[in-house]
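So the structure is just underneath, and the comments pick up after that.
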Amino acid sequence: MLQFVRSKQKSVLIKIAFGIIILSFVIGYTMLTAPSDQRGGQGREVAARVNGEEITYDAFQNNYSNLYNLYQNIYQGQFDARLEEQLNLPRQAMVQLIDETLLIQQAQQLNLEITKKELIDSIAQYDAFQLEGKFSRDRYLEVLNYQRLSPEQFEATQQRRLLTEKVRAELQQGVNISDTEFAAAFHKENDKINLNYVWLTPALVESKVQVTAAGLKQFFDQNIETFRVPEKVSLRYLQFDPARYENEIGTFTDEELQRYYRRNLDQYEIQEQIKAAHILLRMQKDADAETVQSRRELANTLLKQLQDGADFAQWAKTYSDDKSNAAQGGDLGTFSRGTMVREFEDVVFTLRPGQLSPVIQTPFGFHIVKVEEYIEPGVKPLVDVVDEVKAGLILEKSRQLAYEKAMDAYNINRKTGNLETAAAANDLGIKETGFFTTDGAIDGIGKVAEINQAAFTLKESELARPVQTTQGIFLFTLKGRQASHLPELSKVKPTVEQAYRSEQAQSLAEELAEKLLKLATDKKSLITAAQSLKLTVEESGDFSRSFGFFIPRIGTSQELSEEAFTLTKDAPVTTKVYTISNKFLVASLKNAEIADFALLEIADREQLRNRLLVEKKEQVITEKLEQLRQQAKIEVMVPELSNSFAAGGDKS
């Protein structure tokens, strides 16, 4: 969304939209707590207190929304409920607010403040508030008014943000990188080792497992709870499909159309596009200086001829090395930003129809480009997309209507639990599911966590509150329930036998791994030991300490990654068998390469030192915030977060 908006700042509408994006990410939550805030209700409730200073529930909700939109923009289609849960966005949002409050309090202790000039200069830097590269008070007020903010609110917010930046800078003063730290970081990133290793997997020895009736019975008796049949339920339900109610949606006012259009501007964007042709003089990446100069001279000669009137299409057919389009006069078709390599695009998108590029060098060689068409970025006007807007509104309204009908049915019939009456009133047929478990798929519905969860709390003749899904809204009641119970062995024998085989194979694989380790240690050679046991030795490839706990072709193991860099030629074999992803591994050093610090170029040294300095400065802030959290009195009132912030501060 941000990239989409940045590329379209010519229309007033998009400039305002850009301003809104700026405000939502820069202002964050503090606009909600400015003195002139007139919001009432839940927004003024307290979500947390930090040393007595309140963070409002509105502040928390707004910051959560900003984080949600940010990650949605980053991950695009991969952003789903599972990823959201992994990121723990509510907690992230609260931690950010607590940290900012702690930094503001620290600034007060350090007697730091923001001058009026600093505030004015910072506001003037925002593109959203500029016209023709200069700050415009009219544009400033226009954007703020669109966001329903007063200048006093925004300036209070901006002052708070600048103050956190100033206290961060104050805390980072005097931070530097010592020569010892510099050398250690260099070796961490550049010293490399290569491991030999052998996997001992249960599958390798599973054929040796012997299954006996007595052994299977004993295993089943000892692990009978593992094979417990879980509770299952079945449902009767009504499905309120939004498509069913589309014909009930009336006409829309101009205001409704405009509002939907503004909310969904990114759906109507016109991407910046170029239609162009090129001549490529291909060149290998490792070409010598003489070849490079020769190809460059030829490219310059061709460019001069084209500038003097030579036919571009004919020259492309004659000279271009791009066989995919040379016969078509070098035609590249129409493409948008992000399609071609950066060096190519940086030049081409500055050209306009009929213009020739200078000679462009990319990893493929030298290019000469002629632009044929240019599509300016922007947004389709409402008049051109009004049918799409109406379709979107119909879908939105029909979903809302379907939910309202489901809620009416629920409220009217929840006391009796009579699904038949609800079905008759809404001209819907009652559907039924088979039995399913708490985490199982539901016949005709699929996996919907909210339905699964509600189903197992239902009592007989009780209606569950309607649940919205992508398939519509479901109103349901309990049909049947099967209690959890312990099965007889005969009922689950195939499952028990598979589990028994897996357990025995696991034990045999571990025994073989220990045998291999002892033999390799005695012989000081994993390869020799593996050959004697007819096992396959693999190689990790080079890796450094900068890989963290990850080892190529093996996976993640903190213990192994740490021991690996202690192995030597005299003691090349690991001291233990490692268990990674339920597999056993024995490893040994194949070779080690210690980097020569003296060979590091001056420019590379400066780049490394600067990066280390940035990382260390951030670490200083992290450690200071941890200290402040430990010392602070932090009270979190948001129910789902209160436990994780209990006992005197965040322990993350």
Under 3.5 Å side-chain donor-acceptor pair for Gln619 and Glu623 | yes
Measure from the ring center of Tyr126 to the ring center of Tyr140 and say whether it is less than 6.0 Å.
-> no
Where the side chain of Arg609 meets the backbone of Phe182, is there a donor-acceptor pair that is under 3.5 Å apart?
-> no
Tell me, do Leu612 and Glu181 make a side-chain contact under 4.5 Å, heavy atoms counted?
-> no
Going by an N to O cut-off under 4.0 Å, is there a salt bridge joining Glu562 and Arg545?
-> no
Short question: side chain of Thr164, backbone of Leu103 - any donor-acceptor pair under 3.5 Å?
-> no
Ion pair check, Glu165 and Arg161, cut-off under 4.0 Å | yes
Is it true that Glu559 and Lys576 have a side-chain N and a carboxylate O under 4.0 angstrom from each other?
-> yes
Any ion pair linking Glu85 and Arg82 (charged N to carboxylate O, less than 4.0 Å)?
-> no
Output yes when a side-chain donor or acceptor of Thr469 lies under 3.5 Å from a complementary backbone atom of Gln471, and no otherwise.
-> yes
Taking everything shown except Lys192 itself, do over 12 heavy atoms lie less than 6.0 Å from its NZ?
-> no
Show the numbers, then the answer: is there a side-chain contact (heavy atoms from CB on, under 4.5 Å) between Val636 and Ile55?
-> CA-CA 9 Å; Val636 176; Ile55 295 173; over 6 Å; no
Show the numbers, then the answer: is there a side-chain contact (heavy atoms from CB on, under 4.5 Å) between Val143 and Arg139?
-> CA-CA 6 Å; Val143 172; Arg139 173 54 53 78; 3.7 Å; yes
Using the ring pair (Phe, Tyr, Trp, His ring centres under 6.0 Å) rule, take Phe543 and Phe565 through it: C-alpha gap first, then chi angles, then the decisive distance, then the call.
-> CA-CA 10 Å; Phe543 64 97; Phe565 281 90; 5.8 Å; yes
Any ion pair linking Arg342 and Glu345 (charged N to carboxylate O, less than 4.0 Å)?
-> no
Ring pair (Phe, Tyr, Trp, His ring centres under 6.0 Å) between Phe154 and Phe129: does it pass, once the steps are laid out?
-> CA-CA 12 Å; Phe154 177 71; Phe129 302 147; 5.5 Å; yes
Atom pair CZ (Phe135) and CD1 (Ile120), whose distance is rounded to the nearest 0.5 Å | 9.0 Å
Any luck finding a side-chain donor-acceptor pair between Ser546 and Ser544 under 3.5 Å?
-> yes
Has Gln627 got more than 12 heavy atoms of other residues, nucleotides or ligands less than 6.0 Å from its CD?
-> yes
Between Gln630 and Glu626, do the side chains contain an N or O donor and an N or O acceptor separated by less than 3.5 Å?
-> yes
Between the main-chain N or O of Asp58 and the side-chain N or O of Asn62, is there a donor-acceptor pair closer than 3.5 Å?
-> no
Could you give the distance from CG (Leu625) to CD (Glu100), rounded to the nearest 0.5 Å?
-> 11.0 Å
Does Ser65 use its side chain to pair, donor to acceptor, with the backbone of Gln61 at less than 3.5 Å?
-> no
Is it true that Glu538 and Arg553 have a side-chain N and a carboxylate O under 4.0 angstrom from each other?
-> no
Rounding to 0.5 Å, atoms CD (Gln96) and CG (Asn63) come to a distance of 5.0 Å
Arg605 charged N/C atom sitting above Phe186 aromatic ring, 6.0 Å / 45° = no
Strictly by modelled atom types, are Gln400 and Glu404 linked by a side-chain donor-acceptor pair under 3.5 Å?
-> yes
